[in-house]
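What follows is a single structure, written as structure tokens, with notes after it.
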Amino acid sequence: MDNTQETAQHNDADGAVGTDDRVPMHDAAHTRSLQAQCRAIMESEKLSQEKLAAESGIARGTFTAWMGGTYSGRMERVSGRVEMWLNAREAHKAAVMKVPRAPGFVPTPSTLEFMDSLRFAHTLPDIALIVGPPGIGKTMAAMHYRDITPNVLMITASPATSKGNTILRELAGALGIVHGMPAALYERVLKELERNRPLIIVDEVQHLEMQALEQLRSIHDRLQVGLALLGNETVHSRITSGINESAHAQLISRVGFRIRKASANPRDVDILIDAWGIERDAEAAETLRLIAKRAGALRVMTKVLQLASVIASGEKETRGKAHIIAAYQQLSSNGGRL
């Protein structure tokens, strides 16, 4: 048998790609130790052998046989791949431990205002339009409202869902409805929405064409369900100016609550700085206020704080202004100029 055939057989048997010379050889005792580590992970994290096989990139049948000690192929080869995966898994966990978690949902003047508008649309029911630049808390507020309020359906628009039929399919999927022909699908979506009458939250609506917006407006009109549209400034200008104003007149005339923000609220920034425990470091806090005025606002500020924490941890120092600037320079598209 030539080398090509032998390699192909190993690929099929081991669920691996190629013959990696970096994979170390192992004796039976070491293999048993690796199997014990895998069992410990399964027990502590409540994972199946199938899940571990998928995570390690090893074929399920190969992994199961290896775990049971019945694998008839090159046992040491599979053991080598398992050891590489376990080492990478531990390295990943160590890296994650260095990254601080964001405070989660933090009530700020803006997020509370956004949630009030969602509650307004939900209760009446009516249409709410929430417009502002990325990173000011629109999505965070909507997700929190969804998580604490029964009967809320939230979807996110994208270029792939820009048309009427595609946003309808997105709604259908969120409702657990199998896709079908547009007319039949529309009626099935209406029937399900009429049964539950949820608040429909659509994020990133700047991606939607007029046909898709009209599809959502028609659902609101027919069922009188609450509808909240969240997006950036282009949404407002596109549907309220020039020729588009008349095209979207039916939608705009139905908006009962409108919020339009040009930038992050300075009070929001200060509250988040407090939540991160930065308020005692005046220089670091002022640097973060400058960052929050740039594109991405509070979202970028959060990412900067997370990366700054990693940098400070690696240097065994307390996170401060220098680490925040270094993090912003790494993440910024303008070279980190403040």
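Bear in mind that the values here come from a model prediction, so they are computed numbers and not experimental data.
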Would you tell me whether Glu204 and Gln206 have side-chain atoms, one donor and one acceptor, within less than 3.5 Å of each other?
yes
Got a second to check how far Lys138's NZ is from Ser110's OG, nearest 0.5 Å?
10.5 Å
Glu170: side-chain hydrogen bond (donor to acceptor under 3.5 Å, both in side chains) partners, not counting sequence neighbours:
none
Looking at Arg222 and Glu194, is any side-chain nitrogen of the basic one under 4.0 Å from a carboxylate oxygen of the acidic one?
no
Hey, quick one: are Leu34 and Tyr71 part of the same hydrophobic cluster, counting side-chain heavy atoms closer than 4.5 Å, chains of contacts allowed?
yes
For Asp203, which residues count as a side-chain hydrogen bond (donor to acceptor under 3.5 Å, both in side chains) partner, sequence neighbours excluded?
Thr139
Between Ile148 and Met115, is there a side-chain heavy-atom distance shorter than 4.5 Å?
yes
Evaluate the side-chain proximity of Phe114 to Pro109: yes if any heavy-atom separation is below 4.5 Å, no if none is.
no
When hydrophobic residues are tied together by side-chain contacts of less than 4.5 Å, even through go-betweens, does Ile136 share a cluster with Tyr145?
yes
Distance-only check: which donor-acceptor pairs under 3.5 Å involve side-chain atoms of residues 152-161, not counting sequence neighbours?
| residue | atom | partner | partner atom | Å |
| --- | --- | --- | --- | --- |
| Ser158 | OG | Ala160 | N | 3.2 |
| Thr161 | OG1 | Ser158 | N | 2.8 |
| Thr161 | OG1 | Ser158 | O | 3.1 |

Heavy-atom nearest pair, Leu168 first then Pro182, reads CD2-O, 3.7 Å
Please give me the minimum heavy-atom distance between Leu227 and Arg217, naming the atom from each residue.
CD2-N, 4.5 Å
Sort and list the pairs that fulfil ring pair (Phe, Tyr, Trp, His ring centres under 6.0 Å) and have at least one residue in residues 249-272, not counting sequence neighbours.
Phe120-Phe257
Taking distance alone, no hydrogens or angles, what donor-acceptor pairs closer than 3.5 Å link side-chain atoms of residues 128-135 to residues at least two apart or in another chain?
none

Decide, yes or no, whether a salt bridge links Arg319 with Asp281 under the criterion of side-chain N to carboxylate O below 4.0 Å.
no
What residues, two or more places apart in sequence or in another chain, satisfy salt bridge (Lys or Arg N to Asp or Glu O under 4.0 Å) together with Glu317?
none
Do Leu208 and Leu216 pass the side-chain contact (heavy atoms from CB on, under 4.5 Å) test, and can you show the C-alpha distance, the side-chain angles, and the key distance before you say yes or no?
CA-CA 10 Å; Leu208 300 184; Leu216 294 169; 3.8 Å; yes
Within-4.5 Å side-chain heavy-atom neighbours: Val300 and Leu331
no
Looking only at heavy atoms, which two atoms of Val225 and Pro125 are closest? And how far apart?
C-CB, 3.7 Å
Carefully, step by step, assess Arg289 and Asp270 under the rule salt bridge (charged side-chain N to carboxylate O under 4.0 Å, His left out).
CA-CA 8 Å; Arg289 292 187 186 99; Asp270 287 343; 2.7 Å; yes
Shortest non-hydrogen pair, Ala264 vs Val269, comes out as CB-CG2, 4.4 Å
Under 3.5 Å: donor-acceptor pair, side chain of Thr302, backbone of Leu298:
yes
Say whether, by atom type as modelled, one donor and one acceptor occur between the side chain of Thr111 and the main chain of Pro107 under 3.5 angstrom.
no
Salt bridge (Lys or Arg N to Asp or Glu O under 4.0 Å) with Lys321: which residues, sequence neighbours excluded?
none
Who passes ring pair (Phe, Tyr, Trp, His ring centres under 6.0 Å) against His207, sequence neighbours left out?
none
Which value, rounded to the nearest 0.5 Å, describes the distance between Gln211 atom CD and Asn165 atom CG?
6.0 Å
Strictly by ring pair (Phe, Tyr, Trp, His ring centres under 6.0 Å), give each pair with a member in residues 39-68 just once, sequence neighbours left out.
Phe63-Trp66
Sequence neighbours excluded, which residues qualify as salt bridge (Lys or Arg N to Asp or Glu O under 4.0 Å) partners of Arg195?
Glu192
Polar side-chain atom of Asn196 near backbone of Pro198 as donor-acceptor pair, under 3.5 Å
no
Can you hop from Leu230 to Leu199 via hydrophobic side chains spaced under 4.5 Å?
yes
Residue set satisfying salt bridge (Lys or Arg N to Asp or Glu O under 4.0 Å) with Lys163, at least two apart, ordered chain then number -> Glu209
Nearest heavy-atom contact between Ala228 and Leu118 is CB-CD2, 3.4 Å
Looking at every non-hydrogen atom in both residues, tell me the closest pair between Val106 and Pro103 and how far apart they are.
CG2-CB, 3.8 Å
I'd like to know whether CE of Met140 has more than 12 heavy-atom contacts from other residues, nucleotides or ligands below 6.0 angstrom.
no
Quick check on the hydrophobic clustering: are Val202 and Met143 connected, directly or via other members, by side-chain heavy-atom contacts under 4.5 Å?
no
Answer yes or no: is there a donor N or O on one side and an acceptor on the other, between the side chain of Thr62 and the main chain of Ile58, under 3.5 Å?
no
Same cluster for Val235 and Ile200 if Ile/Leu/Val/Met/Phe/Trp/Tyr side chains link at under 4.5 Å?
yes
Can you tell me if Met42 has over 12 outside heavy atoms packed within less than 6.0 Å of its CE?
yes
If we ignore hydrogens and angles and just use 3.5 Å, is the side chain of Arg197 paired with the main-chain N or O of Leu193 as donor and acceptor?
no
Sorted by chain and number, sequence neighbours left out, side-chain hydrogen bond (donor to acceptor under 3.5 Å, both in side chains) with Glu45 holds for Arg89
Using a 3.5 Å distance criterion without hydrogens, assess whether the side chain of Thr149 forms a donor-acceptor pair with backbone atoms of Arg146.
no
Apply side chain to side chain donor-acceptor pair (under 3.5 Å) to His30 and Glu76, showing your working.
CA-CA 9 Å; His30 190 64; Glu76 73 280 0; over 6 Å; no
Is a side-chain donor or acceptor of His323 paired with a backbone partner of Gly320 at a separation under 3.5 angstrom?
yes
